[in-house]
Amino acid sequence: MSRRVVRQSKFRHIFGQPVKADQMYEDIRVSKVTWDSSFCAVNPKFLAIIVESSGGGAFMVLSLAKTGRVDKNHPSVSGHTGPVLDIDWCPHNDNVIASASDDTTIMVWQIPDYTPVRSITEPIVTLEGHSKRVGIIKWHPSARNVLLSAGSDNAIIIWNVGTGEALINLDELHIDLIYSICWNYNGSLITTTCKDKKVRVIDPRKQEVVAEKSGAHEGARPIKSIFMADGKIFTTGFSKMSERQLALWDPNNFDEPIALQEMDTSNGVLLPFYDPDSSVVYLCGKGDSSIRYFEITNEAPYVHYLSTYSSKEPQRGMGFMPKRGLDVSKCEIARFFKLHERKCEPIVMTVPRKSDLFQDDLYPDTPGPEPALEAEEWFSGQDADPILVSLRDGYTPIKNRELKVNKKNILDNKPPSAPRRSYSSCDAGFSRVTLEDLLEEIKSLRATVESQEKRISDLENLLLEISNGTD
């Protein structure tokens with residue numbers, strides 16, 4: 001009898017489990033917009049969810065610790081005049097998030113560490129350059145303040161958020177709607193998928209297509225593509241018979257896929273989430289109630305099915321925590337934030353281990369919050385891998401760092417954002433009374449400070465006498 005050899009892998013037993021009911025985020029009106037983005041973005045500090053909003057578009061930002069029922073008057077981030085379609089946290093500043101909207105603009109926001117009393121309506125910067133709705137935004141993995149956006153005008157724009165300028169406009173490389181975009185590991189290339197069924201690899205600074213594959217998946221439904229750490233490309237799509245497929249490609253030889261697998265006949269687009277540290281891809285279908293995960297290796301069949309996390313409720317969207325936000329003491333290797341119709345449910349993926357010690361093999365050094373390049377260096381042609389940090393002692397989020405925007409003559413051309421307030425004679429009288437009151441108060445405060453200073457001086461002298469007496 002021949003024995004079946006089981007492939008060795010430390011990720012064969014990844015175990016997915018939802019958190020307890022009191023650790024979920026309840027009473028959130030998740031957006032009903034029909035768009036194939038994840039509707040959710042998460043980092044080690046905050047959870048952001050695109051929500052239903054009257055009169056414009058909005059998303060909600062919650063502190064990760066603020067679980068349970070969300071107050072219906074909880075402030076939102078609402079500056080867009082149309083529905084928000086995509087949100088993305090800045091990898092180099094946990095308090096900065098970008099949002100893309102149906103109103104053709106991208107807005108970049110600074111989120112305070114405390115919960116604000118009122119909704120945030122003033123972005124740090126508004127990026128205007130698309131002529132139709134903007135459905136995709138992605139921050140650069142290693143350069144500070146570099147943001148990519150893609151709109152229904154078939155254009156990709158790369159912005160320097162620090163100056164509010166569009167520095168690269170790729171408006172002639174796609175002839176139809178762009179479905180997905182992903183940077184490679186060091187941000188020197190992007191891969192895109194498009195309604196014309198082509199998967200492209202683009203050098204954005206040279207503004208040229210480096211490689212492309214026509215008909216990567218034959219079906220009519222959207223294709224998604226992501227870069228692996230070694231430069232290969234992983235895609236999800238549909239066959240002619242509407243079966244969902246996944247494939248692995250080498251962009252240096254796009255003729256045939258390295259691996260191609262058919263999965264099922266569901267019609268939900270598969271959103272791929274990739275962890276480069278473990279080389280595991282998680283597939284979450286919109287409308288599915290499961291998460292499938294696969295390990296990508298250099299041995300045939302290259303894409304190895306690991307397991308499926310199943311639940312009863314379908315998912316409306318999904319957030320994926322960066323590695324530095326995980327609990328290493330519990331051998332947690334991924335955490336998802338599954339959106340239901342009215343709540344968000346964290347799902348924890350762990351690799352069971354008996355030891356309580358730090359597991360070096362599960363946690364290689366991972367990209368940290370420090371950028372490797374400035375925006376100007378990247379635009380001038382430099383490349384650098386993300387700066388890595390160790391998770392051995394866990395990760396402590398950095399305090400709020402303000403994003404500074406130095407606009408180049410942009411404000412001169414813009415009308416004021418709100419009409420100036422006209423003061424009536426009643427207001428003028430009120431402010432005069434207030435001024436007199438203020439002067440009186442300053443006078444009394446000054447007298448109080450002087451008397452307190454005298455008292456402190458007397459006490460210091462007394463203390464000196466006592467200490468000299470004891471000597």
Side-chain angles (χ1 to χ4, degrees), residues 35-41 84-91 97-101 104-106 108 127 129-130 132-143 145-161 166-213 216-217 221-229 231-237 247 249 251 254 269-274 276 281 286 317-318 320 378-379:
W35 189 253
D36 285 323
S37 80
S38 58
F39 284 12
C40 180
V84 176
L85 301 178
D86 198 12
I87 47 178
D88 195 28
W89 286 105
C90 175
I97 188 169
S99 58
S101 168
T104 76
T105 68
I106 301 109
V108 180
L127 306 173
H130 287 282
K132 292 186 179 175
R133 67 179 179 178
V134 187
I136 301 168
I137 40 172
K138 290 275 186 297
W139 290 94
H140 191 281
S142 60
N145 292 346
V146 176
L147 179 68
L148 172 153
S149 64
S152 297
D153 50 6
N154 310 337
I156 296 170
I157 299 178
I158 300 178
W159 309 83
N160 181 347
V161 175
L167 293 186
I168 295 172
N169 192 342
L170 309 172
D171 57 357
E172 295 180 357
L173 302 183
H174 296 85
I175 57 166
D176 215 328
L177 182 66
I178 299 163
Y179 284 144
S180 76
I181 299 187
C182 178
W183 294 98
N184 68 347
Y185 185 68
N186 70 355
S188 58
L189 300 170
I190 54 175
T191 174
T192 68
T193 59
C194 179
K195 200 171 181 180
D196 63 6
K197 298 185 189 175
K198 286 185 181 179
V199 176
R200 294 171 172 83
V201 178
I202 296 168
D203 183 326
R205 288 167 299 192
K206 289 183 180 167
Q207 305 195 20
E208 63 185 31
V209 176
V210 180
E212 69 178 19
K213 170 65 181 172
H217 297 276
R221 303 273 293 130
I223 301 171
K224 300 275 182 184
S225 71
I226 54 172
F227 265 113
M228 303 287 99
K232 293 190 183 75
I233 290 174
F234 182 93
T235 60
T236 64
W249 307 84
F254 247 148
V269 174
L270 287 166
L271 304 175
F273 296 92
Y274 173 57
V281 172
K286 272 205 161 183
M318 196 69 81
F320 186 55
W378 183 80
F379 283 111

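Heads up: numbering here begins at 1 and tracks the sequence. Note: hydrogens, waters and symmetry copies are ignored here, and every other heavy atom, side chains too, is used.
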**Q** Determine the minimum heavy-atom distance between Ala150 and Val134, stating which atoms define it.
**A**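 Closest approach of Ala150 to Val134, heavy atoms only: O-CG1, 3.5 Å.
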**Q** Would you say Ile87 and Trp89 make side-chain contact, with heavy atoms under 4.5 Å?
**A** no
**Q** Please collect all ring pair (Phe, Tyr, Trp, His ring centres under 6.0 Å) contacts where either partner lies in residues 182-212, sequence neighbours excluded, each pair once.
**A**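 Sorted pair list: His140-Trp183, Trp183-Trp378.
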**Q** Which heavy atom of Val210 sits nearest a heavy atom of Leu189, and at what distance?
**A** CG2-CD2, 4.2 Å
**Q** Closer than 3.5 angstrom, by distance alone: can the side chain of Asp153 be matched with the main-chain N or O of His130 as a donor-acceptor pair?
**A** no
**Q** Quick one: side chain to side chain donor-acceptor pair (under 3.5 Å) partners of Thr235, sequence neighbours excluded?
**A**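 Residues passing side chain to side chain donor-acceptor pair (under 3.5 Å) with Thr235: His217, Trp249.
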**Q** Nearest 0.5 Å, please: how far is OG in Ser188 from CZ in Phe227?
**A** 7.5 Å
**Q** Could you tell me which non-hydrogen atom of Ile137 sits nearest to which non-hydrogen atom of Ala100, and how far apart they are?
**A**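 So the two residues come closest at CD1-N, 3.7 Å.
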**Q** Once side-chain contact (heavy atoms from CB on, under 4.5 Å) is applied, do any residues pair with Ser180, and if so which ones, sequence neighbours excluded?
**A**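 Ser180 satisfies side-chain contact (heavy atoms from CB on, under 4.5 Å) with Thr193, Lys224, Ser225 once adjacent residues are dropped.
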**Q** Provide the closest heavy-atom pair for Ile178 versus Ile136 in the form atom of the first, atom of the second, distance.
**A**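 Shortest heavy-atom contact: O-CD1, 3.8 Å.
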**Q** Once side chain to side chain donor-acceptor pair (under 3.5 Å) is applied, do any residues pair with Trp159, and if so which ones, sequence neighbours excluded?
**A** Ser149
**Q** Shortest non-hydrogen contact from Pro251 to Ile233?
**A** CG-CD1, 3.9 Å
**Q** Looking at Ser37 and Asp86, would you say the former's side chain and the latter's main chain have a donor-acceptor pair under 3.5 Å?
**A**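 Side chain of Ser37 to backbone of Asp86: no pair is present.
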**Q** Would you name the heavy atoms of Val199 and Ala216 that are closest together and state the gap between them?
**A** CG2-CB, 3.6 Å
**Q** With sequence neighbours excluded, what pairs up with Ile202 under the side-chain contact (heavy atoms from CB on, under 4.5 Å) test?
**A**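 In terms of side-chain contact (heavy atoms from CB on, under 4.5 Å), with neighbours along the sequence ignored, Ile202 is linked to Leu170, Leu173, His174, Ile190, Thr192, Arg200, Val209.
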**Q** Got a sec, which residues hit side-chain contact (heavy atoms from CB on, under 4.5 Å) with Asn145, two or more places apart in sequence or on another chain?
**A**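 Asn145 satisfies side-chain contact (heavy atoms from CB on, under 4.5 Å) with Asn160, Val161, Leu403 once adjacent residues are dropped.
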**Q** Give every residue pair that meets the salt bridge (charged side-chain N to carboxylate O under 4.0 Å, His left out) criterion with at least one member in residues 169-195, sequence neighbours excluded.
**A**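 Residue pairs with at least one partner in residues 169-195: there are none.
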**Q** Please identify each residue that fulfils side-chain contact (heavy atoms from CB on, under 4.5 Å) with Ser152, with sequence neighbours left out.
**A** Trp35, Lys132, Arg133, Leu177
**Q** Nearest 0.5 angstrom please: Phe273 CZ to Ser38 OG, how far?
**A**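 Separation between the atoms: 5.0 Å.
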**Q** Is there side-chain contact between Ile168 and Phe379, with heavy atoms separated by less than 4.5 Å?
**A**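 Of all side-chain heavy-atom pairs linking Phe379 with Ile168, at least one is under 4.5 Å.
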**Q** Lys232: which residues meet the salt bridge (charged side-chain N to carboxylate O under 4.0 Å, His left out) condition with it, sequence neighbours left out?
**A** Asp230
**Q** Under the rule for side chain to side chain donor-acceptor pair (under 3.5 Å), what residues qualify as partners of Lys198, not counting sequence neighbours?
**A**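 So Lys198 forms a side chain to side chain donor-acceptor pair (under 3.5 Å) with Glu212.
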**Q** Answer whether the closest heavy-atom distance between the side chains of Ile158 and Val146 falls below 4.5 Å.
**A**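 In short, these two side chains touch, coming nearer than 4.5 Å.
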**Q** Are Thr191 and Asn184 packed together at the side-chain level, in the sense that at least one heavy-atom pair is separated by less than 4.5 angstrom?
**A** no
**Q** Does the pair Tyr179 and Val269 meet the rule for a side chain to side chain contact (heavy atoms under 4.5 Å, CB included), with working shown?
**A** CA-CA 11 Å; Tyr179 284 144; Val269 174; over 6 Å; no
**Q** Return the set of residues passing side chain to side chain donor-acceptor pair (under 3.5 Å) with Thr105 (not counting sequence neighbours), or none when no residue passes.
**A** His80, Asp103
